[in-house]
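Read through the structure below, which is laid out as structure tokens, and then see the notes.
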Amino acid sequence: MADDAARAGYGILRSGSPTFYGVPSAPELDKLKADVAFLGVPFDMGTNDRPGSRFGPRAIRDASLRFAEIGRDGWYDIEEDRHLLQGVRMVDCGDVNIRTVDFAENFDKITAAARLLRASGALPVFVGGDHAISYPLLRAFDGGPLQVVQFDAHLDFTDEWQGQRYSHDNHMRRSRELPFVTTMYQIGVRSLFERMEPVDAARAYGNIIVPAREMVRTGGAETINRLPLRDAPCYVTIDIDVLSPDIAPGTGFPEPGGISYYDLKDALAALARRTQVVALDLVEVGPWFDPPAAVTPRVAARLLLDFLGAIFARKE
Ligand code: MN
Ligand code: MN
């Protein structure tokens with residue numbers, strides 16, 4: 001029977017091949033017709049210490065099936081008394097075909113895939129992978145001025161260390177050097193620095209840094225509302241380690257402190273109201289570091305829905 005065909009996420013028991021939230025697969029990037037397009041980027045060659053975020057897209061797909069939309073008419077958020085994403089067409093484009101060794105080749109593949117998603121008119125949602133992918137992703141959003149908002153426990157702004165210029169500790173610096181990146185906001189930072197160079201350089205570039213504790217005191221929405229953001233194109237990158245390790249332990253570089261799920265949810269909603277989000281990525285979910293409860297991919301899956309709901313609430 002057709003009703004019994006394998007459809008990811010639709011059974012009472014999860015089975016079959018998962019897509020993000022059980023949405024249809026759309027592997028042909030040059031023929032996309034959708035409002036939102038998810039793309040996995042299982043790349044973790046840029047990790048300095050503990051790799052494993054290459055398994056992030058698969059883990060978040062699996063966790064997201066808990067939210068598989070039955071009947072495809074969005075969700076109801078009782079805390080906001082609001083319906084999310086009604087009538088929004090979402091598709092899963094699969095993963096970039098990352099190869100084992102060649103860094104530059106992988107970066108070019110990532111940029112090429114991002115360009116196709118951008119050209120389709122869908123809102124691209126990139127799921128990593130380690131944070132090094134944000135630079136090849138951002139390269140695809142050239143043209144007019146672009147604001148970049150980063151949520152991260154770390155600055156990721158090192159120019160070079162022991163000859164490395166493209167790791168997950170360098171990508172924000174490389175992105176800042178792109179001529180169309182006009183402003184950069186770095187929110188939730190709290191790691192200790194062994195060198196002042198990245199901090200001095202970020203300040204010299206005019207980046208606005210909001211330490212995690214300041215955001216905890218100010219609250220997520222007010223933190224965003226105080227920033228001199230423009231109602232103009234904005235790329236948002238979310239390193240899951242911005243959250244407290246209490247709720248997101250499954251990541252390679254957890255840091256004490258950090259912000260809550262609600263602060264991040266509120267900050268993302270405020271960003272959606274104040275800027276034109278043209279693309280977003282969520283990176284550094286390393287499911288093998290999770291305790292057996294596998295909570296981090298679930299938190300990631302929920303946050304993506306919250307953010308998309310806020311973005312499309314504005315578009316309505
Ligand atoms: Mn990062
Ligand atoms: Mn980080």
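Every number for a ligand or one of its atoms is a count from 1 in the order of the listing.
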>> What protein N/O/S atoms are there under 2.8 Å from the Mn ion (ligand 1), waters excluded?
In response: H131 ND1, D152 OD2, D156 OD2, D239 OD2

> Between R195 and W161, is NZ or CZ placed under 6.0 angstrom from the six-membered ring centre and within 45° of the ring axis?
Replying inline: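 Checked: cation-pi criterion met.
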
Pair up each side-chain donor or acceptor in residues 204-220 with any protein partner under 3.5 Å, not counting sequence neighbours, and list the distances.
unit_1: N207; atom_1: OD1; unit_2: R176; atom_2: NE; d: 2.7
unit_1: N207; atom_1: ND2; unit_2: Q186; atom_2: OE1; d: 3.0
unit_1: T218; atom_1: OG1; unit_2: E214; atom_2: O; d: 2.7

Run the ring-centre check on [X] versus [Y] and record whether the distance is less than 6.0 Å.
X	Y	value
F253	H168	yes
F38	Y21	yes
F103	F43	yes
W75	F67	no

